[in-house]
Amino acid sequence: MLTVIKIAMFLLNVLWWVIVLQVILSWLIAFNVINTSNDGVRRFLVALERFLDPLYRPIRKILPDFGGLDFSPLVLLLAISLINQIILPDLAYSLIASGTS
């Protein structure tokens, strides 16, 4: 069971970095640093959007409209940090304390 928790922590860490990458790319696009007319860049951005949009959608339904600002990546990053730094380590500690491995 501890191995499953470690794998979950690793996958959440990878997801955290994918979200950070997507946010940085969206800023670079907004400031015209990255040209979206390039087909490869556009495909990569669409793939990131299709991967992360199902995670953002429930958060966007709850959050109020802030105009042009989207705080759903920030909320998702906070949730991932909470799970990865508090919930999963406590679960692992309780498994170790109970003698289950």
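No hydrogens, no waters, no symmetry mates; every other heavy atom, side chains included, goes into these values. Numbers for residues simply follow the sequence, beginning at 1.
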Spacing of [atom1] belonging to [X] relative to [atom2] belonging to [Y], to within rounding of 0.5 Å:
| X | Y | atom1 | atom2 | answer |
| --- | --- | --- | --- | --- |
| L95 | D90 | CG | CG | 11.0 Å |
| R50 | L45 | CZ | CG | 12.0 Å |
| L91 | I83 | CG | CD1 | 12.0 Å |
| Q85 | M9 | CD | CE | 8.0 Å |
| L77 | N84 | CG | CG | 11.5 Å |

Tell me which donor-acceptor pairs under 3.5 Å the side chains of residues 23-36 have, and how far apart each pair is, sequence neighbours excluded?
unit_1, atom_1, unit_2, atom_2, d
S26, OG, V23, O, 2.6
N35, OD1, S37, N, 3.1
N35, OD1, S37, OG, 2.9
N35, ND2, S37, OG, 2.9

Taking all atoms of both residues into account, what is the closest heavy-atom pair of L88 and I5, and its distance?
->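 Residues L88 and I5, closest heavy atoms: O-CG2, 3.8 Å.
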Among the clusters formed by ILVMFWY side chains lying less than 4.5 Å apart, do [X] and [Y] turn up in the same one?
| X | Y | value |
| --- | --- | --- |
| I7 | Y93 | no |
| L11 | V4 | no |
| L52 | V46 | no |

Sequence neighbours left out, what passes side-chain hydrogen bond (donor to acceptor under 3.5 Å, both in side chains) with R57? Give chain and number order.
->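 Residues passing side-chain hydrogen bond (donor to acceptor under 3.5 Å, both in side chains) with R57: D53.
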Just jot down the salt bridge (charged side-chain N to carboxylate O under 4.0 Å, His left out) partners of R43, sequence neighbours excluded, or say none.
->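 Checked R43 against salt bridge (charged side-chain N to carboxylate O under 4.0 Å, His left out); matches are D39.
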Contacts of type side-chain contact (heavy atoms from CB on, under 4.5 Å), residue I80, not counting sequence neighbours =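 For I80, the residues satisfying side-chain contact (heavy atoms from CB on, under 4.5 Å) (neighbours in sequence not counted) are L12, L15, W16, I19, L76.
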Return each pair, listed once, that meets ring pair (Phe, Tyr, Trp, His ring centres under 6.0 Å) where at least one residue sits in residues 37-56; pairs must be two or more places apart or across chains.
->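 Ring pair (Phe, Tyr, Trp, His ring centres under 6.0 Å) check on residues 37-56 returns no pairs.
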Return all side-chain donor-acceptor pairs below 3.5 angstrom for residues 61-70, not counting sequence neighbours, or 'none' if the list is empty.
unit_1, atom_1, unit_2, atom_2, d
D65, OD1, G67, N, 3.3
D70, OD1, S72, N, 3.2
D70, OD1, S72, OG, 2.7
D70, OD2, R60, NE, 3.2
D70, OD2, R60, NH2, 2.8
D70, OD2, S72, OG, 3.1

For F71, does the CZ atom sit with more than 12 other heavy atoms under 6.0 Å from it, leaving out its own atoms?
->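 Yes, the 6.0 Å shell around CZ holds more than 12 heavy atoms from other groups.
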